[in-house]
Amino acid sequence: MGAKESLPGDDPAPEMHHYYSKFMRECPSGQLSLHEFKKLLGLQGLDPQGDIYIKRVFDIFDLNQDGFIDFLEFIAAINLVIRGKIDQKLKWYFKLYDADGNGCIDKKELLSIFTAIQAINGHTNMSAEEFTNIIFQKIDVNNDGELTLEEFISGVERDEDLMELITKSFDLSNVLKVIQSGRRHSV
């Protein structure tokens, strides 16, 4: 251990350098494809639901929609996950759930993305149906079966339990741990 350990508040440059060298080592072309993204996170061979979820995450990180995540998009994603303000994260989650991009989340969209996340995270203390029903019950104020971005953000920010539930369920820090520590091959 060196005498000087960097703390999260310190100069981010060494951290960026760390991510850059790791990114370039894993992805010499500087363009991370969906296949490489899954490989980097050790998420190949998922069931179809898990695959859908990873593809959604990839598409949201791929800001210019060119089918690749470049280093700047990669860093933007990491920054959002590590340092993002809660409303930025909620907007990101909303985008993730809004599969058809129509600006509303319906029960089917929420159910399918939560089922996919459960397939990856494995731990569940409630079914995808229960999760979906709780969210709609708590935050679909006008009971139209759809959540707008405003309903979603204000509903989740108003309800601490819901905030915790969503944050835990969609915690991407596991993904980041894999990126930070390099690939782990489970035997």
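Heavy atoms only: backbone and side chains are in, while hydrogens, waters and symmetry mates are out. In this text the structure is predicted, and so the values were computed from the model without any measurement.
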Report yes if the side chains of [X] and [Y] come closer than 4.5 Å at any heavy-atom pair, otherwise no.
{"X": "M163", "Y": "I86", "answer": "yes"}
{"X": "V156", "Y": "Y93", "answer": "no"}
{"X": "W92", "Y": "I60", "answer": "yes"}
{"X": "I139", "Y": "L147", "answer": "yes"}
{"X": "L162", "Y": "E157", "answer": "no"}
{"X": "F131", "Y": "L110", "answer": "yes"}

Could you tell me which residues satisfy side chain to side chain contact (heavy atoms under 4.5 Å, CB included) with [X], sequence neighbours excluded, listed by chain and number?
{"X": "K91", "result": "L149, I153"}
{"X": "S21", "result": "none"}
{"X": "Q88", "result": "L80, K85"}

Partners meeting ring pair (Phe, Tyr, Trp, His ring centres under 6.0 Å) with [X] (sequence neighbours left out):
{"X": "F94", "value": "F152"}
{"X": "Y20", "value": "F71"}
{"X": "F58", "value": "F37"}

Residues forming a salt bridge (Lys or Arg N to Asp or Glu O under 4.0 Å) with K89, sequence neighbours excluded
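K89 satisfies salt bridge (Lys or Arg N to Asp or Glu O under 4.0 Å) with no other residue.
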
Going by the rule salt bridge (Lys or Arg N to Asp or Glu O under 4.0 Å), which residues pair with D59 if we only count those two or more places apart in sequence or in a different chain?
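So D59 forms a salt bridge (Lys or Arg N to Asp or Glu O under 4.0 Å) with K55.
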
E160 atom CD, neighbour heavy-atom count above 12 within 6.0 Å:
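No - once you tally the heavy atoms of other residues, nucleotides and ligands closer than 6.0 Å, there are 12 at most.
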
Is the NZ atom of K107 crowded by more than 12 outside heavy atoms at less than 6.0 Å?
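Check passes, neighbour count above 12.
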
Measure from the side-chain N and O atoms of [X] to the backbone N and O of [Y], and report whether any donor-acceptor pair falls under 3.5 Å.
{"X": "E73", "Y": "L63", "value": "yes"}
{"X": "D62", "Y": "D66", "value": "yes"}
{"X": "E164", "Y": "D161", "value": "no"}

Report the residues that fulfil side-chain hydrogen bond (donor to acceptor under 3.5 Å, both in side chains) with S33, sequence neighbours left out, ordered by chain and then residue number.
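Here the qualifying residues are E36.
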
Looking only at heavy atoms, what is the nearest atom pair of G103 and D98, with distance?
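Heavy-atom minimum between the residues: N-OD2, 2.7 Å.
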
Identify the heavy atoms of T148 and C104 that sit nearest to each other, and give their distance.
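Heavy atoms of T148 and C104 come nearest at CG2-SG, 4.1 Å.
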
Give the cluster check for V141 versus F136: same hydrophobic cluster or not, with ILVMFWY residues linked at side-chain heavy-atom distances below 4.5 Å.
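Different clusters.
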
Is there a continuous path of hydrophobic side-chain contacts, each under 4.5 Å between heavy atoms, that joins I52 to F61?
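No; tracing contacts between hydrophobic side chains, which count when under 4.5 Å, never links both residues.
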
Start with the C-alpha distance between I69 and Q31, add both sets of side-chain angles, then the distance that settles side chain to side chain contact (heavy atoms under 4.5 Å, CB included), and finish with yes or no.
CA-CA 6 Å; I69 295 177; Q31 301 275 66; over 6 Å; no

Can you run down the salt bridge (Lys or Arg N to Asp or Glu O under 4.0 Å) pairs that involve residues 125-152, sequence neighbours left out, and say none if there aren't any?
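Non-adjacent pairs meeting salt bridge (Lys or Arg N to Asp or Glu O under 4.0 Å): K138-D159.
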
Nearest-0.5 Å distance, OG of residue S154 to CG of residue D87:
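Reported to 0.5 Å precision, the distance equals 12.0 Å.
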
Measuring from atom CG of L90 to atom CG of L96, what distance do you get when rounded to the nearest 0.5 angstrom?
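If we round to the nearest 0.5 Å, L90:CG and L96:CG are 12.0 Å apart.
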
In sequence, state the C-alpha distance, the side-chain angles, and the governing distance for L32 and F23, and then conclude on side chain to side chain contact (heavy atoms under 4.5 Å, CB included).
CA-CA 9 Å; L32 196 61; F23 185 84; 4.1 Å; yes

